[in-house]
Amino acid sequence: MLDKAYDAKKYEDAIYKKWEKSGAFKADSQSKKKPFCISMPPPNATGTLHLGHAIMLALEDILIRHRRMKGYEALWVPGTDHAAIATQNKVEKLLAEEGVTREQLGRESFLNRVKEYVADSQDIIRNQIRKMGSSCDWERERYTLDDDLNRAVIEVFVRMYEDGLIYRGHRIVNWCTRCGSTLADDEVEYVEVQTPFYYIKYGPVVIGTARPETKFADKVVVVHPEDKRYKKYVGQEMDIDWIDGKIKAKFIADKDAADMEMGTGAMTITPAHSFVDFDLAKKYKLEIEPIIDERGKMLPIAGEFAGMDVAECRTLLVKKMQKLGLIDRIDENYTHNLSVCYRCNTAVEPLVSEQWFIDVNKKCKALKGKSIKQRSIEVVKKGDIQIIPDKFNKTYFHWMEDLRDWCISRQIWWGHRIPVWYCACDKNCKPECRQPIVSRETPKACSHCKSKNLKQDEDTLDTWFSSALWTFSTLGWPKKTADLKKFHPTSVMETGYDILFFWVARMIIMTTYALGDIPFEKVYLHGLIRDREGRKMSKSLNNGIDPLEMIDQFGADALRMSMVIGNTPGNDMRLYEEKIKGYRNFTNKLWNASRFVLGIFEEKNIKSAPPLDLKKLSDSDQWILEKLNRTITSVDDALTNFRISEAGQVLYDFLWSDFCDWCLELSKGEKQNPAVLYHVLKTILILLHPIVPFVTEQIWSELPGSQGMLINEAFPALFKGKFDGSATDTAIEVISALRRMRAENKIEPGEKIPVVLYGHQKMAALESHQEEIIKLARISKLTLKEEGPKLPGAATDVASGVDVLIPLGGLVDTKKEKERLTKEIANLNKYIASVSGKLANKHFLQNAPKAVVEGEKKKLSDATVRMNKMKEQLAHL
RNA sequence: GGGCGCUUAGCUCAGUUGGUUAGAGCGUCUGGUUUACACCCAGAAGGCCGAAGGUUCGACUCCUUCAGCGCCCACCA
């Protein structure tokens with residue numbers, strides 16, 4: 001016998017072990033079944049999982065379990081990501097607490113330290129993924145730094161290099177001075193800050209800047225060609241007084257670069273520390289002179305400020321400029337967007353550096369003669385990849401179209417080492433020796449001078465380079481594995497919309513290149529989980545909810561449901577304890593309904609599945625089977641089409657309202673049909689299993705005659721037959737009316753009352769449900785007639801065409817009853833007016849579909865009948 | 001500056017291609033130990049579906065404008 005209340009903690013871990021041990025999560029690449037595959041977005045191997053991971057695990061597990069039950073060969077590949085910068089930062093912080101820097105430790109020891117840390121994190125993460133009930137194939141678990149995956153990374157790099165898509169170049173990049181590394185464009189975030197804005201006299205003009213410390217080498221002034229104020233200077237070269245004496249400055253005009261409205265309309269350019277200026281410098285072939293170095297210190301060109309931090313330099317430089325009379329004025333309330341590193345929030349310094357890039361515009365055979373940009377846009381435009389919800393298409397296209405070459409080299413230690421070597425022989429050797437050697441294997445000697453003195457590139461690859469290969473590298477590529485053949489392209493990529501660019505877009509880029517194929521057919525993007533006030537959960541606000549704590553309190557099933565119901569793809573949701581508690585209550589409801597049904601089986605000594613005779617069904621049996629059939633259809637449809645919330649909602653309502661409130665209550669009598677109860681309960685367990693796998697599996701194990709584990713059960717087929725539950729609908733409406741009337745007239749709930757029903761056309765329905773009506777409406781004596789007279793002083797109502805009367809004069813509050821009837825008649829009047837208005841409209845009759853017109857006619861006649869009865873009753877009171 | 005989205009009951013949110021007298025959960029109120037469940041049961045109150053126009057026989061649903069809120073991208077010398 002089941003416990004009185006469901007205690008998730010008591011069962012979940014054991015159930016998970018049983019699943020895992022049984023091999024139920026394992027997918028077979030040799031099977032004949034149609035494949036369904038999800039690559040789990042690999043959590044960063046840094047610490048613990050949060051709700052963002054929890055919602056991803058819940059959604060993906062629901063999809064996987066549903067498709068598995070539907071007969072697909074379902075594969076869910078788990079894994080973790082080395083998360084280059086994030087992990088390195090974490091370990092650097094830990095080291096800082098010990099007073100050590102990574103440089104002091106040296107590359108090798110540092111990497112060992114990181115490996116230890118990652119191994120610990122992975123253990124924690126694996127455990128947490130299991131806690132959520134995730135039915136992923138642990139034998140296929142991967143890590144982005146696994147040897148196999150490293151091979152895939154190198155393979156792609158070398159191929160891209162050979163195809164000319166990867167190149168090495170001196171270009172302006174985003175540089176984090178704290179991480180000491182480049183960042184990709186989308187790894188830069190912007191924060192609004194207030195800084196002083198300086199207007200500085202630059203010869204005959206005044207220029208505005210928030211960063212005077214970058215201006216030491218500015219030698220060119222750009223103005224708009226139409227700007228009357230400055231037209232006279234264009235093309236001139238003149239001596240002007242600058243920070244360290246006179247310099248020569250040139251004036252040029254550019255209609256795209258200069259904006260007359262902005263600032264003073266004149267600007268000087270700083271090619272080495274501004275993306276826009278860098279491009280301008282290229283355009284006009286200007287000198288590109290660095291001012292700030294890679295540690296964020298001023299270079300010798302800054303004269304007495306050399307070696308200073310940027311901030312310090314700025315303060316002192318402004319003082320100097322003031323003395324020199326160069327400062328025109330200072331605007332103290334200037335707000336602008338400061339670019340910062342997405343991993344450590346340090347200000348990003350744009351600077352020029354020699355780095356590796358992926359060319360996004362170069363056309364290439366492997367991309368069907370198109371560029372990365374073109375291919376990536378094409379596969380979504382053509383619908384090969386479908387993004388859910390589709391509002392993200394536009395965002396995706398927009399990002400792709402504006403994409404600049406992707407800087408992929410990082411000056412950090414943790415990650416995939418770039419497979420490039422340089423000949424370190426005497427520099428006078430041969431000019432060719434300065435060419436990088438790009439190779440799959442460590443080269444033995446320089447191919448030009450045969451020197452064995454080779455040095456590998458110190459840099460590692462952007463972490464997103466390796467995660468971009470995730471869908472296929474995890475399946476064995478570049479080897480032609482059975483897994484790859486069976487499961488790629490994967491079916492769905494389910495992840496948060498916040499990494500659409502970082503990850504999803506890059507997977508599309510890399511897969512269309514390396515495999516000539518899409519990485520996945522659908523992209524399902526979930527929203528962010530926020531706190532009760534709609535704020536992002538964060539450490540600094542301390543408003544985060546720990547999924548493990550919630551699982552401990554309410555169970556994994558409850559947590560899963562709370563994140564999945566009432567939320568649609570792409571939209572953020574708020575989550576808080578009461579919500580999770582509500583779904584804990586649901587799991588308990590399911591538990592108790594099962595407990596009740598199982599009790600009946602025990603009582604009747606039912607030890608195995610009782611045969612269900614679909615030809616001998618009471619009206620109530622048909623009623624619940626019809627509802628169940630509808631539920632099966634809509635749950636299947638909803639899950640197939642990624643409307644996961646709807647599937648959960650439909651099941652919630654069916655279990656609670658239809659099954660518990662009515663089916664089980666109606667079954668507490670002589671007409672109880674244990675076979676029907678058995679099959680309905682069994683079907684409910686299967687249907688609910690993808691969403692709440694633990695509680696359903698536990699109940700399943702207690703269900704007499706259930707075989708094997710629920711996880712392996714097939715998704716239910718519809719019960720065959722035409723089921724008519726209309727008599728039960730009538731009974732339900734009559735019972736509800738009686739309950740309402742009792743409450744309105746303040747009849748004690750315990751008190752049994754006499755009731756008169758005039759059934760009219762519904763006599764048969766009422767006769768067949770007398771027992772249930774008497775019981776559920778607490779009736780002492782039921783008088784059932786086809787029709788009859790109004791009873792003086794009786795409370796009356798009409799339900800489903802049946803006159804419902806409670807003829808106890810003393811019990812009825814006549815005044816209230818009059819008020820109620822008057823109000824209802826007024827309502828009906830309005831309603832009838834609107835419906836008959838519609839039906840009087842020629843255009844409506846002409847244009848509306850027949851079914852709609854018929855529906856309106858029925859509405860009108862029903863309402864009219866009801867109103868007439870109400871009027872009669874009112875007259876009779 | 002460009003783009004996207006949201007605005008429905010006190011709160012959190014559903015509402016499939018336009019056809020409901022607009023739904024759920026929580027909360028509130030009235031009552032309840034009835035063959036599982038107080039993590040429960042029965043009942044009730046509560047909404048001009050952000051505002052104004054338009055299209056349509058018909059609009060919460062489609063279009064336009066506006067307001068408030070939010071997000072993303074670009075970037076301001």
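The sequence lines fix the lettering, A, B, ..., with proteins before strands; numbering per chain opens at 1.
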Query - B/U21 to B/G10 separation - C1' atoms, rounded to the nearest Å - result: 23 Å

Query raised in the report: Which value, in whole Å, describes the distance between the C1' atoms of nucleotides B/C75 and B/G23?
Result: 45 Å

Touch class at under 4.0 angstrom, heavy-atom based, for [X] against every strand present:
| X | value |
| --- | --- |
| A/Gln649 | sugar-phosphate |
| A/Tyr198 | nothing |
| A/Lys394 | sugar-phosphate |
| A/Tyr190 | base |
| A/Glu665 | base |
| A/Arg739 | sugar-phosphate |
| A/Lys859 | sugar-phosphate |

Query raised in the report: Hey, is the main chain of A/Asn571 close enough, under 3.5 Å, to the side chain of A/Asn567 for a donor-acceptor pair?
Result: yes

Report task. Could you state the atom-to-atom distance from CG of A/Leu528 to P of B/C13 in whole Å? Result -> 13 Å

Requested in this report: Using whole Å, report how far CZ of A/Phe659 lies from C1' of B/A36.
Outcome: 10 Å

Query raised in the report: Side chain of A/Trp656: nearest nucleotide among B/C40, B/A36, B/U35?
Result: B/C40

Side-chain donor or acceptor of [X] under 3.5 Å from a matching atom on the base of [N]?
| X | N | result |
| --- | --- | --- |
| A/Lys838 | B/C57 | no |
| A/Arg584 | B/C39 | yes |
| A/Lys668 | B/A36 | yes |
| A/Asn337 | B/C75 | yes |

**Report entry** First encountered from the 5' end of RNA chain B, between A/Val276 and A/Ala5
**Finding:** A/Ala5

Query raised in the report: Starting at the 5' end of RNA chain B and moving along, which residue's nearest nucleotide shows up first, A/Gly263 or A/Lys536?
Result: A/Lys536

Query - Salt-bridge present (A/Arg404, A/Asp279; N to O < 4.0 Å) - result: no

Query - N-O pairing of A/Asp218 and A/Lys215 below 4.0 Å - result: yes

Requested in this report: Using both distances under 3.5 Å as the test, list the Watson-Crick or G-U wobble partner of B/A67, or none.
Outcome: B/U7

Requested in this report: Measure from the ring center of A/Phe197 to the ring center of A/Tyr199 and say whether it is less than 6.0 Å.
Outcome: yes

Report task. Could you tell me whether A/Lys581 atom NZ has more than 12 heavy atoms of other residues or ligands within 6.0 Å of it? Result -> no

